[in-house]
Each structure stands twice: as structure tokens, then as C-alpha cells.
Amino acid sequence: MLRIEDTDGARNTAEASAGIIKGLRWLGLDWDEGPEIGGDRGPYFQSQRKALYDAHLARLEQAGRLYTEPNGAVRLRFLRQPITVNDQVCGAVTFAATEEPDMTLRRPDGSYIFHFVNVVDDIEMGITHVIRGEDHLSNTWKHIEIFQALGATPPVYAHIPLILNADGSKMSKRDAGSAIEHSYIKGGFLPAAVLNYLATLGWTPRSERELLSAAELTALFDPTEIHSANARFDLVKCQWFNAQYLRALSKEDLYQAALPFLRESGLPLEDEARAMAAVDSVRSKVSLLSEIPEWIGYLLREEIQMGEDAMQKLRGNPQSAQLLQVLHGELSALAQWDALSIQGATAAAAAKAAVKPGALMPLMRAALSGQMRGPDVPVIAAIIGREHSLSRLSAAQQH
RNA sequence: GACCCCUUCGUCUAGCGGUUAGGACACAUCCCUUUCACGGAUGCGACACGGGUUCGAUUCCCGUAGGGGUCGCCA
């Protein structure tokens, strides 16, 4: 069930809840009841459940547990008895409950406080398990007191440790790894990879492998195995997970996933087969989708940008022009233009020029891509196509 | 200030009285190789500190230190 906790009208906006829903959907997390789905325990926005809260407040009033401040705020009178939280993660934690001031349930303007509406909703919606951040542990005895005051049984609690930044400081909404949209979607991550990594922070699947699908994680999950210590967010390891998932994607799926970043980069994508081949050729070079465009620019654009190292490669060898000319000749004669044929022609050119293929390949790479790193050279030539490959080889002879 | 949770390699962790303290990421080296990567191999590297309990503590208990959290008419 998804319930939107938007009791604070000033801070909660439609965009905020839309962001939550979008983030959950992106991660592949769904819900049986709630916004966009419906269900018979709604409404699922706390801002629409005021009548329910009024009714429960009236019951507490009848039980003599409330009093009203001069300014109109309504407070619950605590019983001042020790309360033990039986937590699935932290164990039995007892709070003396003697020092805390009585808690406010309703503000002078008639709006309700989060703690109260949460308890009411948990009762009304039949919530059995509450798994939430450890920051709520110290307040849980207050929730239990409200449950008991309403004659209800509290749910099973599991308070999980908070995730910290890499330097151990508290993670806030602006920090890397915090916001789905900003950190992951725009960062070039795959949902399954992020879900997998996040699941291993604060909980270790009892499995030989750590690369696990949502279904596998779900099957393996046991709340009593959740750790009780804070974990730090490690962006590098998260990227490693992403790289693993990237490599496992089909050619088509990888292209679809990369498409938003390709479009944003302005690369020409009219020739979809070529664009798809280009993306596929660098899958083991990158760990993020967002890195792909910079790796494949020369594969899709008409013009190439000669890098400094590539220029030096071409100029460093006095035989460059001659070697490239021999290569040009062999490649021109090819009947088939595919990586394997190109590989063969390159070997033949090297033999004809009496040099090792290892001497020719770097020159060919520099000429075709203007860079000294990238996919296999024959693959580059195959993707670029015969016409552009030959013209680049000719142009490079001028350097 | 009071109260609560926590403490194993740099990071995520396995361990639940007797282990050469294991794995993953990162890092280093080597192999593979036309480049950059991928992949494979090897290496580096930890039980916060001090007391107990015990024949024996990483493991159990108590302190100390350190980290995180709560004490709202925020959620």
C-alpha cells in the first residue's frame, strides 16, 4: 500500500508527491493499493482523511486523555509508564517516558500532527508491519501510547539504520544517492542496479551472488536480518552494480535505456541500426548510461575531432601516410564490409607493408576515431561504414 | 543537557566462545590485448580502546571514546 503523508500543507505539494510516485515506479516498486491504483481503504492522501482523524480525536476526548492549550492546541496526556518497543531490528527497547512533554495531536488551526494521523491511518488501513528509519525509534513509544489509548494493537516494528554519506555525515535530500530523479535517473543508472545496490546497504542477502533481481531479493529478504548499524553510501560500488547490469542488457534494451542521453547530446540518430551498434560497441567501456554519448560521437557524426594523442600517433611515425595508403587499398577492395572482413584486410595490409598488425592498428584507430581508446578497430570501421572509413583514412594521410 | 541505536579491512559486509578472521567494491601488480575497457590471477588491508566473565574472547557483560538519532504546534 502507498500512503502519501501530506499533512503539512505548506511543505507538501502536488509535485512532491508526484516525485515520490515517479521515483518508486522508476525503481520498479509497485503497490496494490494507493494513488493511481485505488483500493477500499482510501483516500490514500492524509490531507483527505480529516473526518477520520476528527472521529478518533473525539474518542480520545471521551476517554479523558486530552486537554486543550489556551491557544487551542490539543494535547494527549501521557500515562507516564515505561513503554517497551519490541523492534525486529533493535530488539526490546524500553523508554521511561517520564521527561517528555505531552504530545500535541492537533494544532490551533485544526490541522493534525503527523504522529497522530499515522497511528490512526495504521489502524484504519490495517497496517501490520512498520519498517522505517531509525530516526523514528525514539518516538515510537509515543505512537504505541496512542494505539493503546485508542484500544488498538500496535503493528510489528522494524527500525532500520539511516544511510550516511561517504564521509559518514548525515545524508540529506541534496546529497548524492539521495534523490531518485537527480542522483539516479539523470545520473545514467539502471533501476534494477540501483535497487540491487540499495538493498545490500544495511542487509546482506544470504546468497552466493550479490547481483540479484528484485524478485530474488524479495524471496531472500528477512526483516530480522537487517543490520543495526549505519551504512555509508558508496557511489563507486553503486556504479559497479550499474556496469554489471549494463553489460547484461540486450542490444535493444541497452539502446532504449541510453536513448534519453543520446537525444540530449544531440547526436544524429536517424540511422537507428548504426546508433544501436555504436551503443553496443561501448557497453563494456562505461558504467553509466550518461557516459555513452561521449564515447560514440565519432561513430555517428560526419566530422571527427582529432585528439592531441591521436595526432601525435599519426605524426610520430614517418611511415604513417604510406601505411594508411596500403590499408586504404586493401579495404577498398573488400566485397563485404563487416568487422571480420575488415580484420582480414587489415592483416593483409600489414603483411603487404611488412609490419606487424600491432603497428598498423593504432594508426588506423587514430585515423578513424581521432582517439586512442575505444572499441576494437574493425568494429569501429564496420559501424562507420565503408565510405566514411575510407575518407577518414585518406584525410589522415595529410596529417 | 537527557534518552535511544550503533562500532570487523578505505567502503559494503561474513562471523553468532576455539577460524591462517572469509567475500565484494576500491587500490596495486601480472596475464590477456592494436588502444581503452572487460575478463582471469595474485597482492594490499580490519576485529575502536580499557576492564571483566572464561581454560580460551572479534564473538558475552560493564565502562570510555567515536558515529548516528530523538527530545516540534516538521514529516
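Residue numbers begin at 1 in each chain, while the letters A, B, ... track the order of the sequences.
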Open item on the list: Within the 4.0 Å heavy-atom criterion, would you say Asn118(A) contacts the bases, only the backbone, or no part of the nucleic acid?
Closed with: nothing

TODO: Please determine if a side-chain N or O atom of Arg232(A) lies less than 4.0 Å away from the OP1 or OP2 oxygen of G68(B).
DONE: no

Open item on the list: By the rule that syn is within 90° of 0, classify the base conformation of C38(B) as syn or anti.
Closed with: syn

Open item on the list: Classify Lys356(A) by what it touches in the nucleic acid, base, sugar-phosphate, or nothing, heavy-atom distance under 4.0 Å.
Closed with: nothing

Open item on the list: Nearest to the side chain of Ala231(A), heavy atoms from C-beta on, is which of C12(B), C71(B), U35(B)?
Closed with: C12(B)

Task: side-chain N/O Arg75(A) vs C73(B) OP1/OP2, d < 4.0 Å - done: yes

Open item on the list: At 4.0 Å (heavy atoms only), tell me whether Phe95(A) reaches a base, stays on the sugar-phosphate, or touches nothing.
Closed with: sugar-phosphate

Task: Minimum side-chain heavy-atom gap Thr346(A)-Pro357(A) below 4.5 Å - done: no

Open item on the list: Check whether Trp31(A) forms a cation-pi arrangement with Arg25(A) (NZ or CZ under 6.0 Å from the six-membered ring centre, at most 45° off the ring normal).
Closed with: yes

Open item on the list: Over 60° means perpendicular and under 30° means parallel, so tell me whether Phe114(A) and His143(A) are parallel, tilted or perpendicular.
Closed with: perpendicular

TODO: Mind checking Glu210(A) for me? I need base, sugar-phosphate or nothing, with any heavy atom below 4.0 Å counting as a touch.
DONE: sugar-phosphate

TODO: May I ask you to say what Pro101(A) touches in the nucleic acid, namely base, sugar-phosphate or nothing, with a heavy-atom cut-off under 4.0 Å?
DONE: sugar-phosphate

- [ ] Could you work out which one of C73(B), A75(B), G68(B) sits closest to the side chain of His136(A)?
- [x] A75(B)

Open item on the list: What is the distance, to the nearest angstrom, from the OH atom on Tyr157(A) to the P atom on C5(B)?
Closed with: 17 Å

- [ ] Give a yes/no answer on whether the side chain of His227(A) brings an N or O atom under 4.0 Å of OP1 or OP2 in U13(B).
- [x] yes

Open item on the list: Would you say that Trp203(A) contacts Pro223(A) through its side chain, given a criterion of any heavy-atom pair below 4.5 Å between the two side chains?
Closed with: no

TODO: Verify the contact: side-chain N or O of Ser284(A) to OP1 or OP2 of C38(B), cut-off strictly under 4.0 Å; return yes or no.
DONE: no

Open item on the list: Any base atoms under 4.0 Å from Arg365(A), or only sugar-phosphate, or nothing? Heavy atoms, all strands.
Closed with: base

- [ ] Provide the Watson-Crick or G-U wobble partner of G43(B), both distances under 3.5 Å; none if there is no partner.
- [x] C27(B)

TODO: Using the closest heavy atom to pick a nucleotide of RNA chain B for each, name whichever of Met103(A) or Asn230(A) lands nearer the 5' end.
DONE: Asn230(A)

TODO: Would you classify Gly72(A) as touching base, sugar-phosphate or nothing, given that sugar-phosphate means primed atoms plus P, OP1 and OP2, and contacts are heavy atoms under 4.0 Å?
DONE: nothing

Open item on the list: Base, sugar-phosphate or nothing for Lys313(A)? Non-hydrogen atoms, less than 4.0 Å.
Closed with: nothing

Task: Side-chain H-bond candidate by donor/acceptor type, Glu33(A) with Tyr44(A), under 3.5 Å - done: yes

- [ ] Kindly point out which of G68(B), A37(B), G69(B) is positioned nearest to the side chain of Ser138(A)?
- [x] G69(B)

Task: Asp135(A), nearest nucleotide to its side chain (from G69(B), U35(B), C71(B)) - done: G69(B)

- [ ] Is it possible for you to say whether Leu60(A) and Ile83(A) belong to one hydrophobic cluster, with membership spreading through side-chain heavy-atom contacts below 4.5 Å?
- [x] yes

- [ ] Check every strand shown and say whether Ala229(A) touches a base, only sugar-phosphate, or nothing at a heavy-atom separation below 4.0 Å.
- [x] sugar-phosphate

Open item on the list: Any base atoms under 4.0 Å from Arg283(A), or only sugar-phosphate, or nothing? Heavy atoms, all strands.
Closed with: nothing

Task: Phosphate-side-chain proximity, Thr7(A) and A75(B), N/O vs OP1/OP2 below 4.0 Å - done: yes

TODO: Would you mind classifying the nucleic acid contact of Val236(A) as base, sugar-phosphate or nothing, using non-hydrogen atoms under 4.0 angstrom?
DONE: sugar-phosphate

Task: Shortest side-chain distance from Arg247(A), nucleotide among G39(B), C73(B), C25(B) - done: G39(B)

TODO: Indicate, with a heavy-atom threshold strictly under 4.0 Å, whether Arg206(A) touches base, sugar-phosphate, or nothing.
DONE: sugar-phosphate

Open item on the list: What contact category does Gly168(A) fall into here, base, sugar-phosphate, or nothing, at under 4.0 angstrom with non-hydrogen atoms?
Closed with: sugar-phosphate

TODO: On RNA chain B, check which nucleotide each of Trp240(A) and Phe233(A) is closest to and give me the residue with the more 5' one.
DONE: Phe233(A)

Open item on the list: Closest approach to the side chain of Gln244(A), judged atom by atom: which nucleotide of C4(B), C25(B), G39(B) is it?
Closed with: G39(B)

TODO: Could you label the plane-to-plane angle of the Tyr197(A) and Phe233(A) rings as parallel, tilted or perpendicular, counting under 30° as parallel and over 60° as perpendicular?
DONE: perpendicular

Open item on the list: Using a 4.0 Å heavy-atom cut-off, does Pro378(A) contact any base of the nucleic acid, only the sugar-phosphate backbone, or nothing at all?
Closed with: base

